[in-house]
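Please read the structure below before turning to the comments.
Sequence lines set the chain letters: A, B, ... in the order given, protein chains first and strands last, and positions in each chain run from 1.
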Amino acid sequence: SQKIEQNSEALNIQEGKTATLTCNYTNYSPAYLQWYRQDPGRGPVFLLLIRENEKEKRKERLKVTFDTTLKQSLFHITASQPADSATYLCALRANTGNQFYFGTGTSLTVIP
Amino acid sequence: DAGVIQSPRHEVTEMGQEVTLRCKPISGHDYLFWYRQTMMRGLELLIYFNNNVPIDDSGMPEDRFSAKMPNASFSTLKIQPSEPRDSAVYFCASSPRVAGAVGQYFGPGTRLTVT
């Protein structure tokens with residue numbers, strides 16, 4: 001069965017440091033990988049998308065890498081701020097079929 | 001744009017009752033998705049539509065669940081009869097163009113409690 005694993009433990013980092021979140025997947029080849037942010041009581045908000053033929057994508061302080069050999073994506077937030085505190089979800093769409101799969105998310109807390 | 005609109009925001013019902021959740025996608029978006037989120041299972045895709053046509057309903061847990069999209073601006077997810085294990089937050093999301101190639105826009109969710 002399809003499986004997506006994100007950092008199971010909550011991540012606490014000091015303001016100004018770089019936060020790195022991990023998304024590992026098994027059993028299929030994703031066509032696209034997406035990262036979302038979710039705040040308590042709200043729906044996920046789309047942040048970044050990376051395609052299977054891309055190694056890296058950047059948007060302001062955010063950077064996503066995609067290693068199809070390792071079956072892993074890393075999500076980096078540089079110069080982190082307390083406002084970055086949230087749960088971050090990765091999601092994949094397989095290149096066969098139309099299913100979307102979400103990870104269970106990693107809770108990030110940026111400490112002032 | 002108002003974003004994806006869902007109603008109601010909260011629903012409390014008794015086991016055995018029918019529940020109907022509603023969603024209005026962002027205008028111009030061709031794809032509409034229904035998800036369920038629980039602590040144990042995370043965010044699960046239930047069904048999605050393209051141009052009002054159901055494309056994949058393999059995530060619908062059982063026959064008690066049904067979804068419709070009668071037009072481009074409205075969709076419903078119905079549970080009949082409801083059970084306590086259906087308690088979760090249900091999200092509707094919409095997306096333009098090719099699903100997966102762009103991000104999905106999520107609504108605020110409906111928190112369903114079945115007692």
TODO: Count the heavy atoms of every other residue, nucleotide or ligand shown that sit under 6.0 Å from CZ of R41(B), and state whether that count exceeds 12.
DONE: no

Task: same_hphob_cluster(L74(A), L92(A)) at 4.5 Å side-chain heavy-atom cutoff - done: no

TODO: State plainly whether one hydrophobic cluster holds both L45(B) and Y36(A), where clusters connect Ile, Leu, Val, Met, Phe, Trp and Tyr through side-chain heavy atoms under 4.5 angstrom apart.
DONE: yes

Open item on the list: Rounded to the nearest 0.5 Å, what separates atom CD in Q34(A) from atom CD in Q104(B)?
Closed with: 5.5 Å

Open item on the list: For K68(B), I'd like to know if atom NZ has over 12 heavy atoms of other residues, nucleotides or ligands within 6.0 Å.
Closed with: no

Task: Same cluster (ILVMFWY, side-chain, under 4.5 Å), I13(A) and L62(A) - done: yes

Task: Heavy-atom pair of closest approach, residues R42(A) and F91(B) - done: O-CZ, 3.7 Å

TODO: Sort by residue number and list every member of residues 105-115 of chain B having a non-hydrogen atom under 4.5 Å from chain A.
DONE: F106(B), G107(B), P108(B)

Open item on the list: For D63(B), is the CG atom crowded, meaning more than 12 foreign heavy atoms sit under 6.0 Å from it?
Closed with: no

TODO: Check whether Q37(B) gets within reach of chain A through its side chain, its backbone, both or neither, counting any heavy atom under 4.5 Å.
DONE: side chain

Open item on the list: If you count heavy atoms of other groups shown closer than 6.0 angstrom to CD of Q14(A), is the number above 12?
Closed with: yes

- [ ] Identify the two heavy atoms, one from L43(B) and one from L89(A), that lie closest to each other, and give their separation to 0.1 Å.
- [x] CD2-CD1, 4.4 Å

TODO: Report, as yes or no, whether the 6.0 Å neighbourhood of atom CD on E62(B) holds more than 12 heavy atoms from other residues, nucleotides or ligands.
DONE: yes

